[in-house]
Amino acid sequence: MEVLNASESGAVERAAGVLRVGGLVGMPTETVYGLAADAMNGEAVARVFEAKGRPSFDPLIVHAASAGQAWGVVASEAGWPMGWAADGRAYEAVMGWAERLAGAFWPGPLTLVLPVREGAVSGLVTAGLGTVGLRVPGHPVARGLIEAAGVPLAAPSANRFGGISPTQAPHVVDELGGRVGVVLDGGACERGLESTVVGFGSADGGLVVEVLRLGSVSVERLEEAIAGRVRLRVHRGTSRPAGSGAGVESGAEAPPAPGMLDRHYAPRTPMVLVDRMAEVPGGVDRLAAVCGLEDGKDAGRWGVFFSVPAGDGREDETVMLSAAAGFFERLRDLDERGYDGIVAVRAPAVGLGRAINDRLERGALKA
Ligand code: TXA
Ligand code: MG
């Protein structure tokens, strides 16, 4: 495996060459590092699933260099499925909204789920769903790589399945070293949380945007962009949160929905969540019980993770942006220090704080 400095001449072109022959590239984006493959090459995409240890029912996001290239992956009016998101063949209505969202957030951390054009990408990318998640990344190196490869790139986050997402090139090496041909080092990811994934649906006879995964575009920002017609449909897992029934609230805030995506973004160290440190009930004994630590084991070493710094102003957008940017890196660091457990303090449930809390809730679920 080779790490190439993306700013060195020829590096992006070399990585594109790896993609063109069906290889995998660790790709910087503004959210997290992706594990990229030619989205049209089924064998290359299969290697992505294998390298991550990811189940094949979980679809990959397709990255395009421009909105024009992205729309090329979407079903045409003639191929548009009947009744998708709205009554009849609501192609114009849905695409009108999609273009508006793209205009507001692309290039950037918003993924749009739309009906896929037959044959545009490998069926493995979409897990046979008939829809595809699309985004134009904000990181210029990512767009340069897609352009140089000449094809849209399928790229999940470049971590082993279920683990903490990588926000720097060395994290990709730690997670996938040996399983990926080349990592393009484009520096630390500016946003630090994955893209917000949205689909479309109908309510009261009108279209709504459905948030399928909370992420770097806050729900408030989405509402601003499309005058309020946003609904949360975030999948919640069925596993019990580590804290439930044991005195530490799970605090799940998203509505229950059918689906999988339970334990995810998870440190190896057991983690419990609290809203404030003052709330830790019964101290270390209680926490040890919550985390299922064995009797007699020294449970005296706890790492404390302030997802957003304590104190005034923690709801401010700039404070939250910087907390989000360092979120996975700080959690990864803490995870490597050999603590018996991590006590993580939730973010305020506004703006990016909701995406941060979503990651914490999933990361705190027991395996
Ligand atoms: O910021 C990001 O989105 C990063 C960077 C690399 O772009 N990518 C990323 O990919 O987070 P991944 O594979 O870790 O998460 C993709 C998620 C899937 O698990 C699924 O929830 C959703 O996006 N998704 C993708 N295609 C979908 C589809 N057709 N329908 C519903 N959800 C879809
Ligand atoms: Mg991921």
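Every number for a ligand or one of its atoms is a count from 1 in the order of the listing.
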Criterion side-chain contact (heavy atoms from CB on, under 4.5 Å) on Trp84 and Arg89, from CA distance to verdict: CA-CA 7 Å; Trp84 194 84; Arg89 200 175 279 279; over 6 Å; no

Atom indices of ligand 1 within 4.0 angstrom of Ser157 heavy atoms, with elements: 8 (N), 9 (C), 10 (O), 12 (P), 14 (O)

Heteroatom distance test (Thr29, ligand 1): nitrogen or oxygen, under 3.5 angstrom: no

Those atoms of ligand 1 less than 4.0 Å from some heavy atom in Gly34: 6 (C)

Phe305 ring center within less than 6.0 Å of Phe327 ring center: yes

Backbone or side-chain N or O of Arg135 under 3.5 Å from ligand 1 N or O: yes

contact_flag Thr126 ligand 1 heavy-atom lt 4.0 Å: no

Ligand 1 atoms in contact with Glu194 (distance to a heavy atom under 4.0 Å): 1 (O), 2 (C), 11 (O)

Non-hydrogen atoms of Arg160 and Gly53 that approach each other most closely: NH1-N, 3.8 Å

N, O or S from Ser157 under 2.8 Å to the Mg ion (ligand 2): yes

Heteroatom proximity flag, Ser195 to ligand 1, N/O under 3.5 Å: yes

Intermediate values then yes/no, side chain to side chain donor-acceptor pair (under 3.5 Å), Ser66 and Arg143: CA-CA 8 Å; Ser66 64; Arg143 292 202 305 280; over 6 Å; no

Residue His63 vicinity, atoms of ligand 1 by number, heavy atom under 4.0 Å: 5 (C), 6 (C), 7 (O)

Student check: side-chain heavy atoms of Pro270 and Ile342 closer than 4.5 Å: no

Residue-ligand contact Met27/ligand 1, heavy atom below 4.0 Å: no

Per-atom contacts, ligand 1 versus Thr131 - under 4.0 Å to a heavy atom: 28 (C), 29 (N), 30 (N)

Enclosure of Arg221 CZ (heavy-atom neighbours >12, cutoff 6.0 Å): no

Any side-chain donor near an acceptor of the partner, Arg135 and Thr31, under 3.5 Å: yes

Ligand 1 versus Arg54: contacting region, heavy-atom distance under 4.0 Å: side chain

Check: Arg213 N/O within less than 3.5 Å of ligand 1 N/O: yes

Worked verdict on Asn159 versus Leu176 for side-chain contact (heavy atoms from CB on, under 4.5 Å): CA-CA 7 Å; Asn159 50 280; Leu176 300 173; over 6 Å; no

Residues Glu175, Lys52; criterion salt bridge (Lys or Arg N to Asp or Glu O under 4.0 Å); working and verdict: CA-CA 9 Å; Glu175 292 278 336; Lys52 277 193 63 122; over 6 Å; no

Under-4.0 Å heavy-atom contact with ligand 1, by part of Thr31 that carries it: side chain

Among Pro59, Gly26, Ala155, Pro137, closest by any non-hydrogen atom to atom 8 (N) of ligand 1: Ala155

Residue Asp58 vicinity, atoms of ligand 1 by number, heavy atom under 4.0 Å: 18 (C), 19 (O), 20 (C)

Aromatic ring proximity, centroids under 6.0 angstrom, Phe161 and His264: yes

